[in-house]
Each structure stands twice: as C-alpha cells, then as structure tokens.
Number of protein chains: 2
Amino acid sequence: MATGRTHRPATRSRGIPEATVARLPLYLRALTALSERSVPTVSSEELAAAAGVNSAKLRKDFSYLGSYGTRGVGYDVEYLVYQISRELGLTQDWPVVIVGIGNLGAALANYGGFASRGFRVAALIDADPSMAGKPVAGIPVQHTDELEKIIQDDGVSIGVIATPAGAAQQVCDRLVAAGVTSILNFAPTVLSVPEGVDVRKVDLSIELQILAFHEQRKAGEEAAADAGVVPPAVARKQRPSTDQGPDGDVPAVMPA
Amino acid sequence: MATGRTHRPATRSRGIPEATVARLPLYLRALTALSERSVPTVSSEELAAAAGVNSAKLRKDFSYLGSYGTRGVGYDVEYLVYQISRELGLTQDWPVVIVGIGNLGAALANYGGFASRGFRVAALIDADPSMAGKPVAGIPVQHTDELEKIIQDDGVSIGVIATPAGAAQQVCDRLVAAGVTSILNFAPTVLSVPEGVDVRKVDLSIELQILAFHEQRKAGEEAAADAGVVPPAVARKQRPSTDQGPDGDVPAVMPA
DNA sequence: CCCTGTGAAGGTTTTCACAGCC
DNA sequence: GGCTGTGAAAACCTTCACAGGG
C-alpha cells in the first residue's frame with residue numbers, strides 16, 4: 001500500500017518504492033551505530049546483517065537512491081548516513097505535537113529516538129485541565145484549547161495521536177483543519193482524513209494477534225509432526241536470524 | 001516477508017497469505033464494533049469501509065478462510081467474529097509477560113486491547129529492584145531474577161520487550177531459553193533469535209521517519225506544481241479515506 | 001578478486017471484472 | 001437485483017545471478 005499519492009501517473013522518475021522507504025530508517029539506525037564506532041566503510045553484506053535484512057535487498061534499495069557505493073570496497077558510512085537522512089527529510093527540523101498525554105503519550109515524549117532524528121516535540125496536548133502546566137519530559141502540558149494556535153504558530157505538520165479511541169477522530173479533524181498533513185495514530189480506530197493527508201497507525205494489539213496466529217500454527221504443526229502427518233520440522237538450532245525487517249505486512253500503515 | 005515457516009514446501013493447503021493474516025485483526029475490530037451495536041449482517045463494502053480497506057481485498061481475504069458469506073446478503077457478524085477469532089488463535093488464552101516497566105511498559109500493561117482479545121498479562125518484569133512489588137495496572141512488578149520461573153510456571157509463549165535497546169538482546173535470549181517462541185519487540189534493535197522463534201517489532205521513530213519522507217515529498221511537489229513543472233495536484237476535497245490499512249510496508253515484522 | 005549495481009526471473013499481493021447464487 | 005467468491009490480469013516486491021568497475 002502506498003501513500004495515496006503513489007497513484008499519481010506522471011513524473012515518477014524519483015519514485016522510490018514504498019517498501020524501500022520503509023527500510024531506510026533501519027539502514028540509518030545501523031549506519032549511525034557504525035558511525036559512532038568510527039567505522040569508515042561497510043559492505044552490503046555487513047550492513048544487511050546489522051539491519052536484519054538480506055544483502056541483495058539492501059543493494060537494490062540503495063540502487064534507487066543512486067550509486068553511492070564503491071565496487072570491491074563497500075559503502076562510505078558517513079556519506080550514506082547523510083544521503084539517507086536527506087532522502088528521508090531528516091536534515092530539516094520537524095516540529096511534532098503529541099496529543100493525549102497518558103502513559104503512552106508520556107512514553108513518546110520521553111522517547112529519545114525522536115530528538116536524535118530531527119524531530120522536535122513542539123508541544124504536549126491533553127484534554128484534562130488538571131494536566132495543564134504539568135511538565136512531562138521537561139515540557140509543560142497544554143490544554144486542547146490551545147491546539148490550533150500551537151500548530152499554526154510553530155508550523156507543525158506532523159501530529160501524533162495517543163488519545164483513547166473515542167477521541168481520536170475528533171482530534172484528528174482538528175489537527176487537519178489547523179494544518180497538519182501527517183498523522184501517526186496510536187488509537188485503535190480507523191481515521192478518516194481528506195486527500196493529501198497521510199496516516200500511519202501503530203496498533204499494539206494487532207501485532208500480538210499476528211504473533212498469536214503464528215504461535216497457534218506452530219503448536220498445530222508440532223502435533224501434526226509428532227503424528228507423522230507432516231514432514232518433521234527443521235531442527236531449531238541456534239543461529240543468528242537473518243532478514244528481520246519490516247515488510248510487506250502488518251506494520252500498520254497507510255495512506256490517505 | 002513471511003514467517004520463516006512460509007518457506008516450507010509441503011502441506012500448504014491451509015496457507016493463508018501473510019498479508020491477509022495481518023489484516024484479520026482489523027476486520028475483527030470492525031466486526032466487534034458492529035457486534036456491540038447488534039448489527040446482524042454486513043456487506044463486504046460496509047465492512048471494508050469500517051476497516052479502512054477496499055472491498056475486493058476483503059472478499060479475497062475472506063475467501064482464504066472459507067465461504068462464510070451469503071450472496072445477495074453479506075456476512076453474519078457473529079459468525080465471522082467467531083471464525084476470525086478462531087483462525088487467529090484468540091479463542092484460547094495467551095499468557096504474556098511484559099519485560100521493562102518504564103513508561104511504555106506501563107502503557108502496555110494498562111492497554112485494554114489485550115485482555116479483550118484473549119491476552120492475559122501473566123507478569124510484569126523489571127530489572128530495577130526498587131520497582132519490585134509496586135503494582136502497575138493492578139499487577140505487582142517482579143524482578144528479572146524471577147523471569148525463568150514465571151515463564152515456565154505459567155507456560156508463557158509470548159513475550160513483550162519494552163526495555164532500553166541495550167538490554168533487549170539479553171532479555172530476548174533469556175526469554176527464548178526459558179521457552180518463549182514469539183516476541184514483540186519495542187526496543188530499537190535487531191534481535192537475533194533461533195529458528196522457530198517469531199519476532200515482530202514496533203519502532204516509533206521509524207514510523208515518524210516514514211511520515212517525514214512523505215511530508216518532504218509533498219512540500220517538494222507543491223513547489224514544483226507552483227512552478228508548473230508537474231501536473232497540478234488533485235484538489236484536496238474532504239472525503240472519507242478508503243484503504244487505510246496496514247500493509248505491505250513498514251509495519252515492522254518478521255520471521256525468525 | 002571482491003563487492004556493487006542491476007537486468008531478469010520468480011513470488012506475492014492487489015485489483016479487476018464477472019460468473020454464480022440468493 | 002444485489003452481493004459473494006474467484007479466476008485472470010496487473011502491480012509490486014524479492015531473489016537470483018552475473019556483468020563490470022575498483
């Protein structure tokens with residue numbers, strides 16, 4: 001699934017596949033770690049292992065960005081960090097508002113991974129008046145009444161919804177009306193947004209349900225295998241997993 | 001990307017595509033809402049809209065489960081709820097442990113979506129001795145030392161990791177050694193697990209980075225469109241979004 | 001000789017469009 | 001006539017395998 005904009009016909013020369021975009025942050029994280037250890041270059045094989053992906057995929061992904069490697073050598077770590085950051089738009093500052101400061105909202109506010117990647121928490125917003133002024137992660141919570149003003153004053157284009165499901169659509173509508181065009185939704189609801197607005201969702205219980213499906217499947221297989229109905233399962237030898245990546249599935253995403 | 005088991009050759013009669021599995025929880029949520037409103041039947045069109053997916057996809061998805069609809073009428077809500085629950089393995093009880101009771105762990109412990117879907121929080125575990133005994137969401141936190149005992153006594157097969165990145169692999173190893181075979185990882189690290197163990201990950205900052213990518217793209221397009229270089233963007237009329245679904249991308253998944 | 005970059009093949013997922021049943 | 005279920009086509013993504021540059 002794309003972004004709703006992927007459908008546009010013309011001018012798709014810079015078209016980076018959605019699946020590739022989804023992996024760029026993984027590569028970036030692995031590269032940042034290498035950079036911190038002052039590793040100068042890395043091969044597709046090594047980087048792929050660090051990102052939990054296979055190397056052919058990684059090379060194909062990078063080929064969409066351009067030819068940033070050197071044959072016989074590998075990729076220059078610093079250079080790649082820069083190129084991927086630029087491609088993802090992380091070289092600019094993205095002010096973000098978080099709406100709904102419960103446990104989850106607080107966890108998000110405290111999450112270090114944002115600040116280090118060009119995201120700045122511009123404001124924390126909650127509907128509970130008794131929260132107003134209370135600092136969370138060093139930032140004072142503001143009341144929902146201020147929402148429009150904050151977004152306009154700070155030029156916020158990305159909003160995070162961490163409210164209960166019942167409030168999510170209403171908050172979403174206000175965010176969009178005030179100018180937000182990208183929304184990360186943690187509430188377990190389908191949001192309705194106008195064209196041009198991207199929504200991505202993260203649903204904790206969905207991930208668990210998918211695990212349960214496979215878990216159940218495993219149990220069934222064992223039983224079947226024990227009964228000799230199915231070829232015996234491969235021995236479970238310990239070995240580093242490969243290809244641990246997002247992917248083609250549930251991640252929970254989607255366009256508007 | 002499949003589950004690592006998808007590759008197995010033989011006996012794939014019950015093979016439900018991974019992309020379909022990833023959407024079943026969405027359908028289930030929409031159906032549960034209809035059930036609560038005592039709606040008896042629903043058409044593929046209506047249910048698809050409620051789940052944020054298109055109707056052809058939904059019908060194809062259901063066709064993998066069997067023929068549970070009635071032509072000219074639609075689907076029986078209660079019956080479908082049951083069939084999907086069963087397929088996902090939610091008709092049985094899944095004890096779950098959450099390791100790492102910071103803001104995020106606490107949010108997860110408090111999250112209502114678990115209990116209502118067959119997941120039972122069997123224990124909360126944290127490495128900080130001063131947390132031990134403190135109740136979170138009504139459940140007393142236990143120390144990491146108890147981890148193996150808890151997992152074995154309760155027959156836990158699903159573990160949730162909400163620790164800092166540095167501790168994640170170690171916790172993962174202990175969970176796996178104690179018998180856990182499915183892991184939901186919130187720490188921003190690639191986990192290495194033996195074959196037969198499924199890992200799914202949720203990375204908050206990855207989702208934001210993907211939004212930033214599209215956000216940047218929009219800005220660039222507007223500029224280009226203003227300059228007449230690109231066909232003018234479609235007017236942004238308000239209209240309910242369709243096809244808001246997980247999907248083929250970053251969700252963050254993968255097999256072992 | 002090593003490792004990137006990439007056509008081509010193979011697989012999976014989505015979408016179309018309509019036959020078939022109620 | 002309405003709506004499901006599904007082959008067939010199209011789009012998308014991954015993997016293979018190797019040409020070609022360092």
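Quick caveat, the model's predicted, so the values are computed rather than measured. Below, chain A is the first sequence line, B the second, and so on; all start at residue 1. What's counted below: heavy atoms across the whole structure, side chains too, no hydrogens, waters or symmetry copies.
Rounded to whole Å, the distance from NZ on B/Lys57 to P on D/dG7 is 20 Å. Atom NZ of A/Lys60 is separated from atom C1' of D/dA17 by 12 Å (rounded to the nearest Å). Summarising the geometry, the separation between CD1 on A/Ile16 and P on D/dC13 is reported as 12 Å, rounded to the nearest angstrom. The distance from atom CZ of B/Arg71 to atom P of D/dG1 is 18 Å, rounded to the nearest whole Å. Between the P atom of D/dT4 and the CG atom of B/Leu58 lies a distance of 9 Å, rounded to the nearest Å. Here C/dC3 presents its P atom at 14 Å from CG of A/Leu47, a figure rounded to the nearest Å. Spacing between atom CD of B/Glu18 and atom C1' of D/dT14 amounts to 15 Å, rounded to whole angstrom units. Atom-to-atom, OH of A/Tyr68 to C1' of D/dG21 comes out at 19 Å; the value is rounded to the nearest Å.
Dashed line: the shortest gap from a side-chain N or O of A/Arg23 to OP1 or OP2 of D/dT14 is under 4.0 Å. In this structure, A/Tyr64 does not reach the D/dT14 phosphate: none of its side-chain N or O atoms is under 4.0 Å from OP1 or OP2. Side-chain nitrogen and oxygen atoms of A/Ser44 include none within less than 4.0 Å of the OP1 or OP2 phosphate oxygen of C/dC3. Within the structure, every side-chain polar atom (N or O) of B/Asn54 is placed at least 4.0 Å from both OP1 and OP2 of C/dT14.
You'll find that the side chain of B/Arg59 is closest to C/dC18, out of C/dT4, C/dC18, C/dT14. The side chain of A/Ala56 approaches D/dC16 more closely than any other nucleotide in the set D/dC16, D/dC13, C/dT4.
Atom CZ of A/Arg29 and atom OG of A/Ser116 lie 10.5 Å apart (nearest 0.5 Å).
Place A/Ser63 and A/Val73 on DNA chain C by their nearest nucleotides, and A/Val73 ends up nearer the 5' end. DNA chain C is contacted by both B/Pro17 and A/Phe62; A/Phe62 maps to the nucleotide lying nearer its 5′ end (nearest heavy atom per residue).
For an aromatic pair to be called close, the ring centres must be under 6.0 Å apart, and A/Tyr68 with A/Phe62 fails this.
When the shell of 6.0 Å around CD of B/Gln92 is examined, it contains more than 12 heavy atoms from other residues, nucleotides or ligands.
Nearest heavy-atom pair, A/Ala168 versus A/Ile161, reported as atom, atom and distance to 0.1 Å: O-CD1, 3.9 Å.
For A/Ser192 and A/Gln169, the side-chain atoms include no donor-acceptor pair closer than 3.5 Å.
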